[in-house]
Amino acid sequence: MPDPRLTDLSRRLPELRLLTEAADLQHYGRDWTRRWTPAPLAIALPSTLEEVQEVVRWASQQGVAIVPSGGRTGLSGGAVAASGELVLSLQRMNRVLDFNAVDRTLTVQSGIVLQHVHDAAREHGLLYPVDFAARGSCSIGGNIATNAGGIRVIRYGNTREWIAGLKVVTGSGDLLELNRGLIKNSSGYDFRQLLIGSEGTLGIVVEATLKLTDPPPPSQVMLLALPDMDALMQVFALFQARLRLQAFEFFTDLALHHVLAHGAQRAIEGEHPYYVVTEFDAADEAAEEVALAAFGQALEQGWVSDGVIAQSEAQAAALWRLREGITESLAARQPYKNDISVRISAVPAFLHEMRALLASEYPDIEVVWFGHIGDGNLHINVLRPADMAEDAFIAQCEHVTRLLAATLQSHAGSISAEHGIGLVKRAYLESTRSAAEIALMRGVKQVFDPAGILNPGKLLD
Ligand code: MLT
Ligand code: ZN
């Protein structure tokens with residue numbers, strides 16, 4: 001017997017594609033976090049923004065919660081539907097709508113995969129610079145919902161910097177056209193920026209106008225082995241002063257161990273505790289000389305113990321795989337993830353405290369760190385031992401996260417740098433945002449989503 005609410009939805013929108021098979025509910029009801037059991041009411045796959053509006057109006061009248069859904073590569077449970085919600089997948093709304101050569105913008109539907117945005121920009125000789133390992137499956141709508149960062153933030157900033165305009169459906173079903181691609185627009189509150197990073201709790205992004213830029217000059221990729229943690233920020237300061245960096249990413253020997261076991265190729269022999277993959281502009285031989293000189297100086301100072309510079313595109317890709325392959329190499333272990341940030345100047349002091357904390361609180365547990373150290377963003381992936389029950393493991397990780405949140409608070413950091421709060425970090429929001437801020441967030445939510453149907457329980461409880 002079909003749910004009468006779904007019968008009503010199909011009557012109102014006979015063309016709307018609706019899925020209710022168990023396999024579809026499983027597939028669309030979860031993201032890359034595997035902690036929650038998917039249990040959505042159904043999956044709606046609208047093909048027009050008018051359909052999105054009508055689904056929202058129906059949900060508001062029926063009191064059905066909506067989980068907006070893109071590529072579901074999120075790591076904070078923001079796209080999980082575990083409580084009878086309607087998953088509203090933007091998967092079919094995945095087209096490029098317009099390229100404007102004068103404005104240098106690309107207008108897309110929000111279900112488009114990030115890789116397709118990169119390809120479309122490249123076809124016009126331009127670059128959409130936000131980039132990370134999930135590029136082949138994440139959607140631009142999800143990137144906007146979490147203000148996604150990734151591996152080139154050091155050069156280009158986060159998603160927020162690249163959004164010239166948004167079309168958004170609010171919780172009342174209204175369609176808002178935010179900023180309309182303007183560069184200068186001093187006409188009151190910028191709802192575009194408010195919507196970016198709001199994790200689907202204020203509106204459903206249906207279209208985005210993306211800024212594009214010139215592609216960077218030819219670059220080179222270098223892998224460095226470091227003898228200790230203090231060297232990390234010394235090398236960063238040196239390389240940043242001498243080179244024009246596109247990326248500066250770090251990982252530990254344990255991360256390397258997992259990524260090698262998952263098929264990546266070793267590039268530096270021997271045991272080293274820390275590694276950096278860096279990419280920098282190197283248009284000519286002179287630029288390459290500067291890079292080698294910086295490497296030589298780091299070697300002399302004892303800040304690096306070994307290094308390799310890619311000699312071909314294939315080798316550059318192999319070096320990048322050592323860093324970008326880490327998440328995938330750990331995925332089968334369903335790690336407990338922290339995604340934290342502090343100001344770059346606070347990184348050295350914070351790292352020391354954090355390392356002591358993790359060593360004392362996880363004595364017998366594998367803790368893999370890596371991340372965008374040039375942005376002050378660190379990923380901590382904690383791996384459950386085979387003989388430890390999942391509940392006990394999560395309880396221990398939550399306990400450590402509370403301690404970590406307090407350490408972050410004392411360094412004015414953030415409990416979520418780029419993955420979002422979602423369900424995973426909701427309990428720790430107070431460590432990063434004040435009570436007054438959270439009260440205002442609740443007020444804003446009430447204005448955009450008066451019936452409380454948009455991704456309830458995510459970000460705010
Ligand atoms: C990455 O930078 O690889 C991911 O954002 C981190 C993670 O999987 O924890
Ligand atoms: Zn990351």
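Just so you know, ligand 1 is whichever comes first in the structure, and atom 1 is the first atom listed for that ligand. Only a predicted model underlies this, so the values are computations on that prediction, with no experimental measurement involved. Counting from 1, the numbers follow the sequence of the chain as shown.
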State yes or no: are the ring centers of Tyr275 and Phe370 separated by less than 6.0 Å? no
Return yes if some donor-acceptor pair links the side-chain N/O of Arg160 with the main-chain N/O of Gln193 below 3.5 Å, else return no.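 Yes, the answer is positive, given that a donor and an acceptor are paired below the 3.5 Å cut-off.
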Tell me whether His379 contacts the main-chain N or O of Ile340 through its side chain, where contact means a donor paired with an acceptor under 3.5 Å.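 No; judged by distance alone, with no hydrogens or angles, the pair does not exist.
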Which protein heavy atom lies closest to atom 6 (C) of ligand 1, and at what distance to 0.1 Å?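 I find the closest protein heavy atom is His379 CD2, 3.2 Å.
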Out of curiosity, is [X] lining ligand 1, as in a heavy atom under 4.0 Å away?
X	value
His419	yes
Phe370	yes
Ile326	no
Arg323	yes
Leu75	yes

Classify the ring geometry between Phe239 and Phe280 as parallel (under 30°), tilted (30 to 60°) or perpendicular (over 60°). perpendicular
Between Glu161 and Arg152, is there a side-chain N and carboxylate O pair less than 4.0 Å apart?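 Answer for the salt bridge query: no.
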Does a side-chain N-to-carboxylate-O contact under 4.0 Å join Lys211 and Asp103?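 Looking at Lys211 and Asp103, the cut-off is not met.
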Which of the numbered atoms in ligand 1 are under 4.0 angstrom from any heavy atom belonging to His372?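 Heavy-atom distances to His372 below 4.0 Å select 2 (O).
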Heavy-atom contacts with Glu418 under 4.0 Å: which atoms of ligand 1 show up? List them by number with element.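 Every atom of ligand 1 under 4.0 Å from some heavy atom of Glu418: 2 (O), 5 (O).
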Heavy-atom distance under 4.5 Å between the side chains of Asp281 and Leu243, does that happen here?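 Side-chain contact under 4.5 Å: no.
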Within a strict 4.5 Å, meaning less than it, do heavy atoms of the Thr33 and Trp36 side chains meet?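 Thr33 reaches Trp36 side chain to side chain.
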Under 2.8 Å from the Zn ion (ligand 2), is there any N, O or S atom belonging to His372?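 Yes, His372 qualifies, because one of its backbone or side-chain N, O or S atoms lies under 2.8 Å.
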Given Thr327, Asn338, Ile151, Thr73, which one has a non-hydrogen atom that is nearest to atom 8 (O) of ligand 1? Thr327
Once rounded to 10 degrees, what value does the angle at the Zn ion (ligand 2) take between OE2 (Glu418) and NE2 (His379)?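 Value, to the nearest 10 degrees: 90°.
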